[in-house]
Amino acid sequence: MKIKNRLALNFTLLSSGLLLVTMAIMYLAFSRFFSTDFYGHLRDRAKVAAQLYLEADEISSDSLVHVRERMLEKLPNEVIRVYDGNNMASFIKDRDQYWSINTIEEVRQQKSVSFKEGDRQTIGIYYHDNQGNFVILASAYDQQAVNRLTGIIKIMAVIFILVNCVLFFIGRWFAQQSLLPIDGLVKQMKQINASNLHVRVDEGNGKDEISALALNFNRLLSHLQNSFELQQTFVANASHELRTPITSIIGEVEVTLNRQRSITEYEQLLKSILLDSERLKDTINSLMELAQTDMEYTRAQLEPVQVDELLWDLQHYWASTQNHPQLQVHIDELPDEQQALFINANLTLLKIALNNIIGNGFKFSGNKPVSCGLFANGQTIVITIKDLGIGIPIDDQEKIFTPFYRGANGRVFDGNGVGLYVAFKIIQLFNGIISMQSVINEGASFTISFTPTF
């Protein structure tokens, strides 16, 4: 069953339940009202009987005629008995006792009683007259109330069915309107496949569950896209990076084996093979580091990280390294709320990202000082890392975050072009934005922006 039908059905069942309870209360109220009203009619009949049989000698002839006319208006299956002081039926022609002495005595003690006998309603009153003390009991079947209640049940049944039908269609319409954004989301999802994982669904401007669903789906797509990119870049770059040293080693060995060589030449060959092997080992290590980073990227545990303390830790780390490069930390402005300095991230991965950028700054500047600035105003956190290195050519600036890519002026330095790619992916994982400006021979500046978590 579709969700919209299920919602409409649940809405209808809930509404029909409330309607059924309301109708039951109304039915009981009507039944109570009719019963009370009929008891009132029976009481009137008992009083009329008292006036007719007991006080006929005390009222005028006109009043007596009026009382008799009222007495003639019998109720359905009416039974009236007048009992004297000896609890014997009087004045009634058939002289049938009808009610037991216990019932008569109960009326005499309580002065007035009302009760039901099966489908019949009965009223009893105690009546004092100059002729003695009498008990009058009147009983009848309220056929009119039964007819009315039957009519009410039929009307309620029709209303119940009609209202439920209307409620179902109204509920289905509301459910369909409410689920329209999900239908649109599903249509967008159907257009995404392995060849266009870069496409994202519309997250909307709201903060409802549908926006949260779209947001988490886009995050899932980001993880999948990274995994696919990892496979593609790993295969493509691994084959390229591994082919060069292996080809060099094979070529040198083949040339050397063409004829007998001197010991000096063999030593040179082994040194060359060793150099290529070390280069091959570094490439393999970089590939493994890239794979490991991507693996950690997809399952990183996030926690609040205080950015200013992180920068001081990085400064202490670089000051304790072997070459003692100088990392200068500058904090321009801090917000009043300490919570505005926290971001939701993984501390280990964030350190790797910043250290990769800082390490490149030291490497390409010959260990000249690198400055790291922090700015936070409660709405954004900006980290700026500047170096005094060789800079990045304009043609290479758009490609520096590509795995294994190295600028033309940076190929004389050791490395494999993995560090900035890893930093870019980690910062992207924590919803950060990284940008870069550079001038040749004047250095490079990396700007990283985060949104506080408070």
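Note that this is a predicted model, so its numbers are computed, not measured.
One distance of note links CD1 of Ile383 with CG of Leu350; it measures 6.5 Å at 0.5 Å rounding. With rounding to the nearest 0.5 Å, the separation of CG in Leu19 from CZ in Phe160 is 6.0 Å. Put simply, CD1 on Ile426 and CD1 on Ile352 are 5.0 Å apart, with the number rounded to the nearest 0.5 Å. How far CD1 of Ile343 is from CD of Glu303: 11.0 Å, rounded to the nearest 0.5 Å. Rounded to the nearest 0.5 angstrom, Gln315 CD and Gln326 CD are separated by 8.5 Å. The distance from the OG1 atom of Thr451 to the CG atom of Asn344 is 11.5 Å, given to the nearest 0.5 Å.
By the 6.0 Å contact criterion, CZ on Phe174 is open, its count of non-hydrogen atoms from other residues, nucleotides or ligands being 12 or less. The environment of CZ in Phe169 is sparse: at most 12 heavy-atom neighbours from other residues, nucleotides or ligands sit within 6.0 Å. In the displayed structure, Gln144 atom CD is contacted under 6.0 Å by at most 12 heavy atoms of other residues, nucleotides or ligands. A 6.0 Å sphere centred on NE2 of His330 holds more than 12 heavy atoms belonging to other residues, nucleotides or ligands.
In this structure Ser35 satisfies the side-chain hydrogen bond (donor to acceptor under 3.5 Å, both in side chains) test together with Gln121, sequence neighbours excluded. Leu270 pairs by the side-chain contact (heavy atoms from CB on, under 4.5 Å) definition with nothing, not counting sequence neighbours. For Gln143, the side-chain hydrogen bond (donor to acceptor under 3.5 Å, both in side chains) partners are Asn147, not counting sequence neighbours. With sequence neighbours left out, Phe362 forms a ring-ring contact (aromatic ring centres under 6.0 Å, His included) with Trp318. Under the side-chain hydrogen bond (donor to acceptor under 3.5 Å, both in side chains) criterion, Glu105 pairs with Asn87, sequence neighbours left out. Every side-chain hydrogen bond (donor to acceptor under 3.5 Å, both in side chains) that Ser272 has, sequence neighbours left out, goes to Glu252. With sequence neighbours left out, Phe450 forms a ring-ring contact (aromatic ring centres under 6.0 Å, His included) with no residue at all. Listed by chain and residue number, Asn77, Val79, Tyr98, Ser139 satisfy the side-chain contact (heavy atoms from CB on, under 4.5 Å) test with Arg120 (two or more places apart in sequence, or in another chain). Checked against side-chain contact (heavy atoms from CB on, under 4.5 Å), Phe30 has the following partners two or more places apart in sequence or in another chain: Met26, Phe34, Leu149, Ile152. In this view, Glu267 and Ile263 satisfy the side-chain contact (heavy atoms from CB on, under 4.5 Å) rule, not counting sequence neighbours.
The closest donor-acceptor contact from the side chain of Thr22 to the backbone of Leu18 lies under 3.5 Å. One N or O on the side chain of Ser16 and one on the backbone of Leu13 form a donor-acceptor pair closer than 3.5 Å. Checked by atom type and distance alone, the side chain of Asp387 pairs as donor or acceptor with a backbone atom of Ala444 at under 3.5 Å. Between the side chain of Asn355 and the backbone N or O of Lys351 there is at least one donor-acceptor pair closer than 3.5 Å.
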Could you tabulate the donor-acceptor pairs under 3.5 Å formed by side-chain atoms of residues 433-440, not counting sequence neighbours?
residue, atom, partner, partner atom, Å
Ser438, OG, Ile392, N, 2.8
Ser438, OG, Gly443, O, 3.0

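Side-chain contact check for Phe430 versus Val305: every heavy-atom pair is 4.5 Å or farther apart. Counting only heavy atoms from C-beta outward, the side chains of Leu374 and Ile381 approach each other to under 4.5 Å. Between Leu420 and Ile357 the shortest side-chain heavy-atom distance falls below 4.5 Å. Taking the side chain as every heavy atom from C-beta outward, Thr122 and Trp99 approach each other to under 4.5 Å.
In terms of heavy-atom proximity, Gly124 sits nearest to Val107 at C-CG1, 3.6 Å.
Counting only residues at least two apart or in different chains, side chain to side chain donor-acceptor pair (under 3.5 Å) contacts with residues 148-172 comprise Asn5-Arg172.
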